[in-house]
Each structure stands twice: as C-alpha cells, then as structure tokens.
Amino acid sequence: MSAPTATPQSRTQLLSSLSPFHRTKLVFMAAAFASFVLSVSLWFFVDRELGLFVGLWVPAIHSLGTLVLVGERS
C-alpha cells in the first residue's frame, strides 16, 4: 500500500484552515528546522565552527517564536 499523497490544492486548504496562531508557529518551526539542517550540513561538509555558529540559531529562533506567540495570545 502506498502512503496518501497531498495534492497542492489539499495543502492549500490545510494551510488556509489553520488559525493565524498555528500558521505563525509553523513558520518558526520550519525556520528552526531549516537552520538545524543547514548547521549539520555545514558541520560535516564545510567548517565545524561555522556549523556551530548556525546551530546556535535554532534556540534563538525558538525563543523569538515563543516571544511572538505569547504576545499574540495576549
């Protein structure tokens, strides 16, 4: 059995059905994940120090997201 695939239209419907709070949260989570992947890639393929530097962005992005989302709930 194959896994169900999401069509572009269903993805759009899914994103539009999310509340603004959850869309904002999704943006911060995606940015942190991208930073993590970039950090690991830099660590192994370019320079370890640069990978560590970019790796420090992950908790900073999460902290910024927390500040923004807490302010949005108030």
Looking at residues at least two apart in the chain, or sitting in another chain, which of them share a side-chain contact (heavy atoms from CB on, under 4.5 Å) with F36?
V40, V58

For residues 63-71, which side-chain N or O atoms pair as donor and acceptor with protein atoms under 3.5 Å away, sequence neighbours left out?
from	atom 1	to	atom 2	distance (Å)
S63	OG	P59	O	2.9
T66	OG1	H62	O	2.9

Nearest heavy-atom approach of S39 to G51 is OG-O, 2.7 Å

Going hydrophobic residue to hydrophobic residue with side-chain gaps under 4.5 angstrom, can you get from L38 over to F53?
yes

Is there a path of hydrophobic side-chain contacts, each under 4.5 Å between heavy atoms of I/L/V/M/F/W/Y residues, joining L50 to W57?
yes

Look at the side chain of S35 and the backbone N and O of A31, then say whether any donor-acceptor pair between them is shorter than 3.5 Å.
no

Search all heavy atoms of I61 against all heavy atoms of F28 and return the closest pair with its distance.
CG2-O, 3.6 Å

